[in-house]
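Data first, discussion second: the structure below is written as C-alpha coordinates.
What you see is a predicted model, and the numbers here were worked out from it, not measured in a lab. Starting from 1, each residue takes its place in the sequence as its number.
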Amino acid sequence: MSNAVNIEYTGVRELRGPLVIVEGVSGVGWDEFATIVLDSGERRHGLVLEVDRDLAVVQVLEDTAGMDRTGTRVAFAGTSLRIPVGPGWLGRVCNGRGEPADGGPPVLGSTYAPVGGAPINPVRREPPNEPVLTGVGAVDVLTTLVRGQKLPVFSAAGLPHLELAVQIAAQATCGGEPFAVVFAGMGLTHADAAFVRDGLAARSAARELALLVNTADDPVIERLLTPRLALTVAEHLAFTEGRHVLVVMTDMTAYSEALREVSAARGEIPARRAYPGYLYSDLASLYERCGRIKGLPGSVTVLPVLTMPAGDITHPVPDLTGYITEGQVVLSAEVHASGTYPPSTRWPRCHG
(Lines give C-alpha, C1' and ligand atoms only; values in the text may rest on other atoms or scores of the structure.)
Protein backbone atom coordinates (compact mmCIF):
# COMPACT_ATOMS: atom_id res chain seq x y z
CA MET A 1 0.00 0.00 0.00
CA SER A 2 1.08 3.53 -0.61
CA ASN A 3 1.87 5.31 2.63
CA ALA A 4 3.25 8.78 1.92
CA VAL A 5 1.98 11.21 4.54
CA ASN A 6 1.76 14.97 4.96
CA ILE A 7 0.21 17.00 7.82
CA GLU A 8 -0.91 15.06 10.90
CA TYR A 9 -4.27 15.98 12.41
CA THR A 10 -5.07 15.30 16.06
CA GLY A 11 -8.67 16.55 16.10
CA VAL A 12 -10.49 13.22 16.30
CA ARG A 13 -14.08 14.18 17.08
CA GLU A 14 -15.67 10.73 17.20
CA LEU A 15 -15.04 6.99 16.84
CA ARG A 16 -18.12 5.31 15.38
CA GLY A 17 -17.84 1.61 14.61
CA PRO A 18 -15.16 1.28 11.89
CA LEU A 19 -15.18 5.04 11.26
CA VAL A 20 -13.05 7.90 12.56
CA ILE A 21 -14.41 11.45 12.22
CA VAL A 22 -11.58 13.98 12.03
CA GLU A 23 -12.18 17.74 12.36
CA GLY A 24 -10.07 20.71 11.36
CA VAL A 25 -8.87 19.16 8.09
CA SER A 26 -8.01 21.12 4.96
CA GLY A 27 -7.44 20.04 1.35
CA VAL A 28 -8.60 16.45 1.95
CA GLY A 29 -10.47 14.66 -0.84
CA TRP A 30 -12.82 11.71 -1.20
CA ASP A 31 -11.19 8.25 -1.35
CA GLU A 32 -7.89 9.65 -0.10
CA PHE A 33 -5.55 7.25 1.66
CA ALA A 34 -4.87 7.95 5.34
CA THR A 35 -2.36 6.73 7.90
CA ILE A 36 -3.57 6.60 11.50
CA VAL A 37 -1.00 6.56 14.31
CA LEU A 38 -2.17 5.50 17.78
CA ASP A 39 -0.71 6.77 21.05
CA SER A 40 1.14 3.45 21.38
CA GLY A 41 2.86 4.01 18.04
CA GLU A 42 0.76 1.43 16.21
CA ARG A 43 0.00 2.41 12.62
CA ARG A 44 -3.30 1.71 10.90
CA HIS A 45 -4.65 2.67 7.51
CA GLY A 46 -7.87 4.12 6.21
CA LEU A 47 -9.76 5.64 3.31
CA VAL A 48 -11.75 8.88 3.25
CA LEU A 49 -15.45 8.14 2.78
CA GLU A 50 -16.81 11.66 3.04
CA VAL A 51 -15.64 15.25 3.42
CA ASP A 52 -17.85 18.09 4.69
CA ARG A 53 -16.07 21.43 5.06
CA ASP A 54 -13.43 20.77 7.77
CA LEU A 55 -14.72 17.27 8.68
CA ALA A 56 -13.44 14.03 7.16
CA VAL A 57 -14.99 10.60 7.71
CA VAL A 58 -12.28 7.92 7.50
CA GLN A 59 -12.97 4.19 7.36
CA VAL A 60 -10.22 2.31 9.21
CA LEU A 61 -9.12 -0.84 7.40
CA GLU A 62 -7.99 -2.54 10.61
CA ASP A 63 -11.06 -1.35 12.57
CA THR A 64 -11.06 1.09 15.50
CA ALA A 65 -10.72 -1.47 18.32
CA GLY A 66 -8.33 -0.18 20.98
CA MET A 67 -8.29 3.36 19.62
CA ASP A 68 -8.83 6.47 21.74
CA ARG A 69 -9.83 9.94 20.61
CA THR A 70 -6.91 11.50 22.44
CA GLY A 71 -3.45 10.65 21.25
CA THR A 72 -4.60 9.51 17.79
CA ARG A 73 -3.01 11.26 14.81
CA VAL A 74 -4.31 11.08 11.24
CA ALA A 75 -2.24 11.97 8.16
CA PHE A 76 -3.60 12.12 4.61
CA ALA A 77 -1.47 11.05 1.67
CA GLY A 78 -3.00 13.34 -0.95
CA THR A 79 -3.74 10.40 -3.26
CA SER A 80 -6.09 7.45 -3.33
CA LEU A 81 -4.97 4.01 -2.16
CA ARG A 82 -2.43 2.49 -4.55
CA ILE A 83 -0.82 -0.94 -4.51
CA PRO A 84 2.16 -2.45 -6.32
CA VAL A 85 1.06 -4.54 -9.29
CA GLY A 86 2.77 -7.16 -11.38
CA PRO A 87 3.55 -10.88 -11.52
CA GLY A 88 4.88 -10.73 -7.96
CA TRP A 89 1.33 -11.42 -6.76
CA LEU A 90 1.30 -14.85 -8.41
CA GLY A 91 2.02 -17.67 -5.99
CA ARG A 92 1.27 -15.49 -2.96
CA VAL A 93 -1.39 -15.73 -0.24
CA CYS A 94 -2.42 -12.40 1.29
CA ASN A 95 -5.11 -11.11 3.59
CA GLY A 96 -7.93 -8.88 2.40
CA ARG A 97 -5.70 -5.79 2.66
CA GLY A 98 -3.01 -7.29 0.44
CA GLU A 99 -0.59 -8.01 3.29
CA PRO A 100 1.26 -11.36 3.17
CA ALA A 101 -0.43 -14.26 4.98
CA ASP A 102 2.03 -16.90 3.78
CA GLY A 103 5.05 -15.83 5.84
CA GLY A 104 6.71 -14.22 2.83
CA PRO A 105 7.90 -10.65 2.27
CA PRO A 106 5.58 -7.85 1.14
CA VAL A 107 4.43 -8.11 -2.45
CA LEU A 108 6.50 -5.86 -4.69
CA GLY A 109 5.85 -4.53 -8.18
CA SER A 110 7.48 -2.32 -10.76
CA THR A 111 4.55 0.09 -10.73
CA TYR A 112 1.63 1.17 -8.54
CA ALA A 113 -2.02 1.27 -9.54
CA PRO A 114 -5.04 2.88 -7.81
CA VAL A 115 -7.31 0.36 -6.15
CA GLY A 116 -10.50 2.24 -7.07
CA GLY A 117 -10.21 1.38 -10.75
CA ALA A 118 -12.92 2.08 -13.31
CA PRO A 119 -15.17 0.14 -15.68
CA ILE A 120 -13.90 -0.32 -19.22
CA ASN A 121 -15.17 2.27 -21.69
CA PRO A 122 -17.78 0.52 -23.86
CA VAL A 123 -16.21 2.02 -26.99
CA ARG A 124 -12.95 0.22 -26.20
CA ARG A 125 -14.53 -3.13 -25.37
CA GLU A 126 -13.87 -6.17 -27.54
CA PRO A 127 -16.99 -8.42 -27.69
CA PRO A 128 -16.46 -11.65 -25.71
CA ASN A 129 -16.32 -14.67 -28.02
CA GLU A 130 -13.75 -17.19 -26.72
CA PRO A 131 -14.21 -19.55 -23.77
CA VAL A 132 -12.50 -19.99 -20.45
CA LEU A 133 -12.45 -23.78 -20.07
CA THR A 134 -13.41 -24.57 -16.48
CA GLY A 135 -13.18 -28.36 -16.63
CA VAL A 136 -16.74 -28.56 -15.26
CA GLY A 137 -18.79 -30.15 -18.03
CA ALA A 138 -22.10 -28.54 -17.07
CA VAL A 139 -20.49 -25.09 -17.28
CA ASP A 140 -18.39 -25.63 -20.41
CA VAL A 141 -21.21 -27.23 -22.39
CA LEU A 142 -24.38 -25.54 -21.10
CA THR A 143 -23.22 -22.16 -19.77
CA THR A 144 -19.85 -21.48 -21.31
CA LEU A 145 -17.77 -18.98 -19.35
CA VAL A 146 -16.54 -16.47 -21.95
CA ARG A 147 -13.35 -14.44 -21.71
CA GLY A 148 -14.20 -10.93 -20.61
CA GLN A 149 -17.62 -11.97 -19.27
CA LYS A 150 -19.17 -11.67 -15.80
CA LEU A 151 -21.08 -14.82 -14.87
CA PRO A 152 -22.27 -15.19 -11.25
CA VAL A 153 -23.08 -18.33 -9.29
CA PHE A 154 -26.29 -18.04 -7.23
CA SER A 155 -26.34 -20.45 -4.32
CA ALA A 156 -27.73 -20.96 -0.83
CA ALA A 157 -26.45 -22.17 2.53
CA GLY A 158 -25.52 -25.85 2.48
CA LEU A 159 -24.86 -26.04 -1.27
CA PRO A 160 -21.37 -26.70 -2.68
CA HIS A 161 -20.76 -23.26 -4.14
CA LEU A 162 -17.35 -22.91 -2.50
CA GLU A 163 -16.33 -26.35 -3.77
CA LEU A 164 -17.42 -25.35 -7.28
CA ALA A 165 -15.57 -22.03 -7.09
CA VAL A 166 -12.36 -23.71 -5.90
CA GLN A 167 -12.66 -26.43 -8.54
CA ILE A 168 -13.05 -23.88 -11.33
CA ALA A 169 -10.17 -21.77 -9.97
CA ALA A 170 -7.95 -24.86 -9.70
CA GLN A 171 -8.46 -26.28 -13.19
CA ALA A 172 -9.60 -23.46 -15.51
CA THR A 173 -7.49 -22.82 -18.62
CA CYS A 174 -7.54 -20.83 -21.83
CA GLY A 175 -6.37 -23.49 -24.25
CA GLY A 176 -2.64 -23.03 -23.72
CA GLU A 177 -2.62 -19.23 -23.74
CA PRO A 178 -1.08 -17.33 -20.77
CA PHE A 179 -3.56 -17.64 -17.92
CA ALA A 180 -3.87 -16.72 -14.23
CA VAL A 181 -6.47 -16.82 -11.48
CA VAL A 182 -7.09 -14.20 -8.80
CA PHE A 183 -9.23 -15.62 -5.98
CA ALA A 184 -10.84 -13.19 -3.52
CA GLY A 185 -12.47 -14.82 -0.48
CA MET A 186 -14.65 -12.57 1.69
CA GLY A 187 -16.09 -13.39 5.10
CA LEU A 188 -14.83 -16.99 5.00
CA THR A 189 -14.71 -19.17 8.10
CA HIS A 190 -11.25 -20.41 9.02
CA ALA A 191 -12.26 -23.90 7.90
CA ASP A 192 -13.37 -22.56 4.51
CA ALA A 193 -10.20 -20.48 4.19
CA ALA A 194 -8.10 -23.60 4.85
CA PHE A 195 -10.15 -25.51 2.26
CA VAL A 196 -9.50 -22.79 -0.33
CA ARG A 197 -5.76 -22.71 0.37
CA ASP A 198 -5.46 -26.49 0.20
CA GLY A 199 -7.55 -26.77 -2.94
CA LEU A 200 -5.53 -24.13 -4.76
CA ALA A 201 -2.07 -25.05 -3.44
CA ALA A 202 -0.96 -26.69 -6.70
CA ARG A 203 -1.98 -23.72 -8.84
CA SER A 204 -0.33 -21.35 -6.37
CA ALA A 205 2.88 -23.36 -6.46
CA ALA A 206 2.84 -23.09 -10.26
CA ARG A 207 2.67 -19.28 -9.89
CA GLU A 208 -0.65 -19.10 -11.68
CA LEU A 209 -2.71 -17.88 -8.72
CA ALA A 210 -3.00 -14.84 -6.46
CA LEU A 211 -5.06 -15.56 -3.34
CA LEU A 212 -6.65 -12.88 -1.15
CA VAL A 213 -8.46 -14.18 1.93
CA ASN A 214 -10.65 -12.15 4.27
CA THR A 215 -12.01 -14.26 7.13
CA ALA A 216 -15.21 -13.67 9.08
CA ASP A 217 -13.32 -12.33 12.11
CA ASP A 218 -11.26 -9.85 10.08
CA PRO A 219 -12.33 -6.18 10.09
CA VAL A 220 -15.48 -5.58 8.10
CA ILE A 221 -13.87 -2.70 6.20
CA GLU A 222 -11.25 -5.08 4.85
CA ARG A 223 -14.08 -7.01 3.19
CA LEU A 224 -14.92 -3.98 1.07
CA LEU A 225 -11.33 -3.64 -0.08
CA THR A 226 -10.67 -7.29 -0.99
CA PRO A 227 -12.46 -7.50 -4.37
CA ARG A 228 -11.04 -4.14 -5.45
CA LEU A 229 -7.51 -5.32 -4.72
CA ALA A 230 -8.20 -8.52 -6.66
CA LEU A 231 -9.50 -6.65 -9.70
CA THR A 232 -6.59 -4.17 -9.63
CA VAL A 233 -4.11 -7.05 -9.63
CA ALA A 234 -6.05 -8.81 -12.40
CA GLU A 235 -6.23 -5.73 -14.65
CA HIS A 236 -2.46 -5.34 -14.66
CA LEU A 237 -1.87 -9.04 -15.30
CA ALA A 238 -4.35 -8.90 -18.19
CA PHE A 239 -3.81 -5.61 -19.96
CA THR A 240 -0.10 -5.08 -19.24
CA GLU A 241 1.25 -8.62 -18.85
CA GLY A 242 -1.00 -10.06 -21.57
CA ARG A 243 -2.63 -12.87 -19.58
CA HIS A 244 -6.21 -14.05 -19.56
CA VAL A 245 -7.24 -13.67 -15.92
CA LEU A 246 -10.17 -15.27 -14.10
CA VAL A 247 -11.26 -13.41 -10.96
CA VAL A 248 -13.30 -15.54 -8.55
CA MET A 249 -15.04 -13.51 -5.81
CA THR A 250 -16.89 -15.27 -3.00
CA ASP A 251 -19.08 -14.44 -1.13
CA MET A 252 -20.62 -11.27 -2.58
CA THR A 253 -23.43 -11.47 -0.02
CA ALA A 254 -20.82 -11.13 2.77
CA TYR A 255 -19.38 -8.16 0.87
CA SER A 256 -22.83 -6.54 0.60
CA GLU A 257 -23.53 -7.07 4.30
CA ALA A 258 -20.24 -5.31 5.10
CA LEU A 259 -21.35 -2.44 2.89
CA ARG A 260 -24.65 -2.30 4.78
CA GLU A 261 -22.83 -2.21 8.14
CA VAL A 262 -20.63 0.68 7.09
CA SER A 263 -23.64 2.52 5.65
CA ALA A 264 -25.46 2.16 8.98
CA ALA A 265 -22.42 3.48 10.86
CA ARG A 266 -22.44 6.54 8.59
CA GLY A 267 -26.12 7.14 9.42
CA GLU A 268 -27.28 6.86 5.81
CA ILE A 269 -30.94 6.37 4.95
CA PRO A 270 -31.45 2.65 4.24
CA ALA A 271 -33.18 1.20 1.19
CA ARG A 272 -34.43 -2.37 0.62
CA ARG A 273 -33.73 -4.63 3.63
CA ALA A 274 -31.54 -1.90 5.12
CA TYR A 275 -28.98 -2.08 2.30
CA PRO A 276 -27.77 1.32 1.07
CA GLY A 277 -29.51 2.79 -1.92
CA TYR A 278 -26.25 2.71 -3.88
CA LEU A 279 -25.84 -1.09 -3.61
CA TYR A 280 -26.57 -1.46 -7.34
CA SER A 281 -23.94 1.04 -8.44
CA ASP A 282 -21.41 -0.33 -5.95
CA LEU A 283 -21.80 -3.89 -7.25
CA ALA A 284 -21.69 -2.61 -10.83
CA SER A 285 -18.41 -0.81 -10.10
CA LEU A 286 -16.92 -4.24 -9.40
CA TYR A 287 -18.62 -6.43 -12.00
CA GLU A 288 -18.09 -3.99 -14.86
CA ARG A 289 -14.31 -4.04 -14.48
CA CYS A 290 -14.22 -7.25 -16.51
CA GLY A 291 -13.77 -7.38 -20.28
CA ARG A 292 -11.36 -7.25 -23.19
CA ILE A 293 -9.87 -4.02 -24.55
CA LYS A 294 -9.40 -3.49 -28.27
CA GLY A 295 -5.74 -3.59 -29.25
CA LEU A 296 -4.55 -5.03 -25.93
CA PRO A 297 -3.75 -8.63 -25.10
CA GLY A 298 -5.40 -10.46 -22.24
CA SER A 299 -8.82 -10.33 -20.63
CA VAL A 300 -10.45 -10.11 -17.21
CA THR A 301 -13.28 -12.58 -16.57
CA VAL A 302 -15.29 -12.30 -13.35
CA LEU A 303 -17.01 -15.19 -11.57
CA PRO A 304 -18.81 -13.78 -8.50
CA VAL A 305 -20.36 -16.26 -6.07
CA LEU A 306 -23.18 -15.26 -3.75
CA THR A 307 -25.49 -17.00 -1.31
CA MET A 308 -29.18 -16.15 -1.40
CA PRO A 309 -30.56 -15.84 2.17
CA ALA A 310 -33.20 -18.56 2.61
CA GLY A 311 -32.78 -19.29 -1.11
CA ASP A 312 -34.62 -16.08 -1.99
CA ILE A 313 -33.63 -15.05 -5.52
CA THR A 314 -35.53 -11.76 -5.08
CA HIS A 315 -33.21 -10.73 -2.23
CA PRO A 316 -31.47 -7.43 -3.12
CA VAL A 317 -28.02 -8.94 -3.67
CA PRO A 318 -28.98 -11.65 -6.23
CA ASP A 319 -31.68 -9.41 -7.68
CA LEU A 320 -29.30 -6.54 -8.45
CA THR A 321 -26.51 -8.89 -9.49
CA GLY A 322 -28.86 -10.45 -12.01
CA TYR A 323 -29.52 -7.06 -13.59
CA ILE A 324 -25.81 -6.31 -13.97
CA THR A 325 -24.47 -9.67 -15.16
CA GLU A 326 -24.95 -11.87 -18.22
CA GLY A 327 -27.02 -14.81 -17.04
CA GLN A 328 -26.50 -16.78 -13.86
CA VAL A 329 -25.55 -20.26 -12.72
CA VAL A 330 -28.24 -21.11 -10.15
CA LEU A 331 -27.64 -23.99 -7.72
CA SER A 332 -30.60 -25.97 -6.37
CA ALA A 333 -31.08 -27.75 -3.05
CA GLU A 334 -33.42 -30.26 -4.71
CA VAL A 335 -30.89 -31.16 -7.39
CA HIS A 336 -28.15 -31.33 -4.77
CA ALA A 337 -30.23 -33.80 -2.74
CA SER A 338 -30.40 -36.08 -5.78
CA GLY A 339 -26.61 -36.38 -5.81
CA THR A 340 -26.02 -34.35 -8.98
CA TYR A 341 -22.92 -32.16 -9.15
CA PRO A 342 -22.92 -29.29 -9.78
CA PRO A 343 -26.51 -29.04 -8.54
CA SER A 344 -27.81 -26.59 -11.14
CA THR A 345 -31.53 -26.14 -11.62
CA ARG A 346 -31.35 -23.76 -14.59
CA TRP A 347 -28.71 -22.03 -16.65
CA PRO A 348 -30.24 -18.84 -18.09
CA ARG A 349 -28.26 -16.91 -20.67
CA CYS A 350 -28.41 -13.38 -21.92
CA HIS A 351 -25.54 -11.48 -23.48
CA GLY A 352 -25.65 -7.73 -23.31
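Between P152 and Y287, the closest side-chain pair of non-hydrogen atoms is not below 4.5 Å. Inter-residue side-chain proximity for S285 and R228 is flagged as met; some heavy-atom pair is nearer than 4.5 Å. Side-chain contact check for L229 versus V115: some heavy-atom pair is nearer than 4.5 Å. The side-chain heavy atoms of L283 and S256, taken from C-beta on, include a pair separated by under 4.5 Å. In this structure the side chain of T79 never reaches within 4.5 angstrom of the side chain of Y112, judged on heavy atoms. When side chains are defined from C-beta on, L306 does not count as touching H315, because their heavy atoms never get closer than 4.5 Å. For the pair L47/F33, a side-chain contact is recorded, criterion being any heavy-atom separation below 4.5 Å from C-beta on. The shortest side-chain heavy-atom distance between E222 and L61 does not fall under the 4.5 Å cut-off.
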Worked check of salt bridge (charged side-chain N to carboxylate O under 4.0 Å, His left out) between R69 and E14:
CA-CA 7 Å; R69 287 180 54 241; E14 184 180 352; over 6 Å; no

For D251 and T307: C-alpha separation, side-chain torsions, deciding distance, then whether side chain to side chain donor-acceptor pair (under 3.5 Å) applies.
CA-CA 7 Å; D251 179 340; T307 50; 2.7 Å; yes

Q) Stepwise, does the side chain to side chain contact (heavy atoms under 4.5 Å, CB included) test hold for E42 with E62? A) CA-CA 11 Å; E42 179 187 353; E62 298 89 349; 5.8 Å; no

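Defined by atom type and a distance below 3.5 Å, a donor-acceptor pair is present between the side-chain atoms of Y278 and E268. Side-chain atoms of T232 and R82 include no donor-acceptor pair closer than 3.5 Å. Inspection of the Y9 and D54 side chains reveals no N or O donor paired with an N or O acceptor under 3.5 Å.
Pairs engaging residues 204-221 under the salt bridge (charged side-chain N to carboxylate O under 4.0 Å, His left out) rule: R203-E208 [sequence neighbours left out]. Under the salt bridge (charged side-chain N to carboxylate O under 4.0 Å, His left out) criterion, the residue pairs touching residues 310-325 are R272-D319, R273-D312, with sequence neighbours excluded. Sequence neighbours left out, not one pair with a member in residues 181-190 passes salt bridge (charged side-chain N to carboxylate O under 4.0 Å, His left out).
Here the options are H244, Q149, R243, the test is side chain to side chain donor-acceptor pair (under 3.5 Å), and the partner is S299; only H244 passes. With respect to E288, the side chain to side chain contact (heavy atoms under 4.5 Å, CB included) criterion is satisfied by exactly one of I324, I120, T325: I324.
Residues S338 and T340 approach most closely at OG-OG1, 3.2 Å, considering heavy atoms. Considering every non-hydrogen atom in both T321 and F154, the closest pair reads CG2-CE1, 3.8 Å. Shortest non-hydrogen contact noted between V51 and G29 is CG2-C, 4.1 Å. In terms of heavy atoms, G148 sits closest to C290 at O-SG, 3.5 Å. Taking every heavy atom of both residues into account, F179 and A172 meet most closely at CE2-O, 3.2 Å.
In this structure, NE2 in H336 is found 9.5 Å from CG in L331, a value given to the nearest 0.5 Å. With values rounded to the nearest 0.5 angstrom, T240 atom OG1 is found 8.0 Å from L296 atom CG. Atom CD of E130 sits about 6.0 Å away from atom CD of E177, to the nearest 0.5 Å. The CG atom of L188 sits 7.5 Å away from atom CG of N214, with the distance rounded to the nearest 0.5 Å. In this structure, CE in M249 is found 11.5 Å from CG in L212, a value given to the nearest 0.5 Å. Considering CE of M186 and OG1 of T226, their distance stands at 6.5 Å, rounded to 0.5 Å.
With a 6.0 Å cutoff to the six-membered ring centre and a 45° limit on the axis angle, R260 counts as a cation-pi contact of Y275.
Hydrophobic clustering places V60 together with L15 (ILVMFWY residues linked when any side-chain heavy atoms are closer than 4.5 Å, directly or through intermediates). Both Y323 and V330 are assigned to one and the same hydrophobic cluster, defined by single-linkage of ILVMFWY side chains at heavy-atom distances under 4.5 Å. In this structure, V139 is a member of the same hydrophobic cluster as Y341, with clusters built from ILVMFWY side-chain heavy atoms closer than 4.5 Å.
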